[in-house]
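Notes for the one structure printed next.
Below, each value reflects all heavy atoms present in this structure, side chains not excepted, and no hydrogens, waters or symmetry copies. When a ligand or atom number is given, it counts from 1 through the structure's own listing order.
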Amino acid sequence: MDLSLWQSESQSTRLGSGSVWLHGNALAEESVLLAGIADALAHAPLRQMVTPGGQPMSVLTSSCGALGWISDRRGYRYSERDPHTNQPWPPMPAVLLQLATQAAAQAGYADFVPDACLINQYQPGARMGLHQDRDEQDFNQPIVSVSLGLPAVFLWGGARRSDKAMRVPLQHGDVLVWGGEDRLRYHGVLPVKPGSHPLLGNVRINLTLRKAA
Ligand SMILES: O=C(O)CCC(=O)C(=O)O
Ligand SMILES: [Fe+2]
């Protein structure tokens, strides 16, 4: 049986004991979602952050919600304010909060209430190296990740950076949820290929929802 066909016809694919790939989960709300994100970005514009080592990240980044993830020479952390505007981050769009809590519940995490949404924008060529998400206080809380726009290959690794990574071809509207035993698995994104998406043009946007505090 053709695996890609099977994947697109099924509604979800289990990636690990605590992780699920929900196919097209964000499609039903795509226009409200994109409008909400555009509104957030109008208040907290995308910017290029640098790693603590001083390397510019290839993605452009912003946040919405009570806490925003930031990176600079001082390190990675969450902040109540956007360092560019010194204002609180814009609120998380209601539709996004609802999508994330429903996706988490579908994956078996019934009580997930995110307080942070990282917005990453990938131009063609932008990528994200293998890393763990470990700036949050409670690793019992899962992560919900929404993919929009251009497709991308998500690398789903293991507990060690050197573990072989599975390649997950994420499409517009797909949602990944990972938690439990999979919460600290290494993951990343291969360089995004050039293309044109009917709603977003030549970019991929990823929304990563977390309970940071
Ligand atoms: O863009 C993605 O799919 C993953 C983003 C990510 O892992 C992160 O921002 O920590
Ligand atoms: Fe991550």
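Among M128, R210, R204, the residue whose heavy atom sits closest to atom 3 (O) of ligand 1 is R204. In the candidate list I119, N206, L130, N206 is nearest to atom 4 (C) of ligand 1, counting heavy atoms.
The ligand atoms of ligand 1 that sit less than 4.0 angstrom from a heavy atom of H187 are 7 (O). Of all the atoms in ligand 1, the ones that sit under 4.0 Å from a non-hydrogen atom of L118 are 9 (O). Per-residue contacts place V189 under 4.0 angstrom from the following atoms of ligand 1 (heavy atoms of the residue considered): 1 (O), 2 (C), 3 (O), 4 (C).
Within the cation-pi definition used here (under 6.0 Å to the ring centroid, within 45° of the axis), R204 qualifies as a partner of Y122.
Residue-ligand proximity: Y122 is placed with a non-hydrogen atom under 4.0 Å from ligand 1.
In this structure, the ring of H187 has its center less than 6.0 angstrom from the ring center of F154. Between W178 and W156, the ring center distance clears the sub-6.0 Å criterion.
Using modelled atom types, no side-chain atom of D82 and backbone atom of Q87 make a donor-acceptor pair closer than 3.5 Å. Put simply, the side chain of R127 never gets that close to the backbone of V192: no donor and acceptor are under 3.5 Å apart.
No salt bridge links R185 with D163; every basic N to acidic carboxylate O contact stays at or beyond 4.0 Å. With salt bridges taken as basic N to acidic carboxylate O contacts below 4.0 Å, none links D135 and R77.
For ligand 1, the polar-atom distance check finds no N/O of S147 at less than 3.5 Å from any of the ligand's N/O atoms. Inclusion of D133 in the set of residues having an N or O under 3.5 Å from an N or O of ligand 1 is warranted.
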> Taking it one step at a time, do N206 and S145 satisfy side-chain hydrogen bond (donor to acceptor under 3.5 Å, both in side chains)?
Replying inline: CA-CA 7 Å; N206 172 261; S145 169; 2.9 Å; yes
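One finds an angle of 90° at the Fe ion (ligand 2) between OD1 on D133 and NE2 on H187, to the nearest 10 degrees.
The side chain of N120, and not its backbone, has at least one atom closer than 4.0 Å to an atom of ligand 1 (non-hydrogen atoms only; side chain from C-beta on). Counting heavy atoms closer than 4.0 Å to ligand 1, residue V59 contributes nothing at all.
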